[in-house]
Enquirer: 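My questions will all concern the structure given below.
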Protein chains: 2
Amino acid sequence: MSFEMGDLDEVSQTLKLLGDKTRLTIMKLLEKQECCVCELVEIFKTSQPSVSQHLRKLKDAGLVKENRKGQWIFYSINPNSPQHELIQQLIAFVPSQDHELEELDKKGLRISCN
Amino acid sequence: MSFEMGDLDEVSQTLKLLGDKTRLTIMKLLEKQECCVCELVEIFKTSQPSVSQHLRKLKDAGLVKENRKGQWIFYSINPNSPQHELIQQLIAFVPSQDHELEELDKKGLRISCN
DNA sequence: TTATTATATAACTATGTGCTTATATAAGCA
DNA sequence: TGCTTATATAAGCACATAGTTATATAATAA
């Protein structure tokens, strides 16, 4: 077998987490590159606490990790999650969300720390 | 690409449906063979209405289909669902639930219509 | 026909979820 | 030191969800 067999509870918990359109889209966005909270707030046109709460659920489940850079906190996929392979396969079914990041670029709202 | 790209809403809706342990297990059981409601009631040790309501959600989403045989109604995976490929891939991560059906056999509770 | 078995549906309830507003924490800047 | 920006957390509310009990429908058997 090419992947670890998941535990039933862990698999259903992961599906429940990604059974939310916002969180599923976040994971798809992070597939390509890390994002900070304010970028996601802009993309989802929702409140900052709402985005933070979604990110916390993903982080509590170990699906993403955070990386502070100055005043910003960047989130990225955690490749060491036991659920990583499942997630990769799932988000392969989600259409690309790159246009959202391109929109941000056009508005000059991308955050870059080098 | 070896599969149809899903619509974002349809994918998240499917994940939400299978983000429930009972429904995820039902889909895993049906992967191997059709089951009738009373078998599932026995397996999940829950009420008959509870199982019926889970099955209705799966049927409303087009993930399963029903087939009446006399007084029993057998449910099976709907291979024509647009979500079929996604479902197949994700239930591959769920451990086999065959032991549940074997238990039923031992107790003489399997329903067979020939 | 009546009784029994299998399943579905409706109404209710308890719990969970996602959002909002308000506030706290933390980093950077004047 | 304030002031601003970015993020997190807490509390409250509206709505969704999964279970329960009671009842309806449908098939079968006596």
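Naming: A, B, ... by sequence-line order, numbering from 1 per chain.
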Enquirer: Can you check whether A:Arg68 has a side-chain N or O nearer than 4.0 Å to OP1 or OP2 of C:dA26?
Expert: no
Enquirer: So what does A:Tyr75 touch, heavy atoms closer than 4.0 Å: a base, only the sugar-phosphate, or nothing?
Expert: sugar-phosphate
Enquirer: B:Lys69 side chain N/O closer than 4.0 Å to the phosphate oxygens (OP1, OP2) of C:dA6?
Expert: no
Enquirer: Assuming nearest nucleotide by heavy-atom distance, tell me which of B:Glu66 and B:Lys16 is located more 5' along DNA chain C.
Expert: B:Glu66
Enquirer: Can you tell me the Watson-Crick or wobble partner of C:dA30, both distances under 3.5 angstrom?
Expert: D:dT1
Enquirer: Examine the side chains of B:Ser52 and B:Gln48 and answer whether a donor and an acceptor come within less than 3.5 Å of each other.
Expert: yes
Enquirer: The side chain of A:Ile73 lies closest to which of these nucleotides: D:dT20, D:dT7, C:dT21?
Expert: D:dT7
Enquirer: Nearest of C:dT7, C:dG18, C:dA10 to any side-chain atom of A:Lys57?
Expert: C:dG18
Enquirer: So, is A:Ser50 near the phosphate of C:dG18, with a side-chain N or O under 4.0 Å from OP1 or OP2?
Expert: no
Enquirer: Does D:dT9 have OP1 or OP2 under 4.0 Å away from a side-chain N or O of A:Arg56?
Expert: yes
Enquirer: Taking the side chain of A:Arg23 as its heavy atoms from C-beta onward, which of C:dG18, D:dA18, D:dT21 lies nearest to it?
Expert: C:dG18
Enquirer: Of the nucleotides C:dT7, D:dT9, D:dG19, which one has an atom closest to the side chain of A:Ser52?
Expert: D:dT9
Enquirer: Regarding A:Gln97 and A:Thr25, do their side chains bring together a donor and an acceptor under 3.5 Å, going by distance alone?
Expert: no
Enquirer: Rounded to the Å, how far apart are A:Glu39 CD and D:dA6 C1'?
Expert: 12 Å
Enquirer: May I ask you to verify if any side-chain N or O of A:His54 is less than 4.0 angstrom from the OP1 or OP2 atom of C:dT17?
Expert: no
Enquirer: Can you check whether A:Thr46 has a side-chain N or O nearer than 4.0 Å to OP1 or OP2 of C:dT20?
Expert: yes
Enquirer: May I ask you to say what B:Lys21 touches in the nucleic acid, namely base, sugar-phosphate or nothing, with a heavy-atom cut-off under 4.0 Å?
Expert: nothing
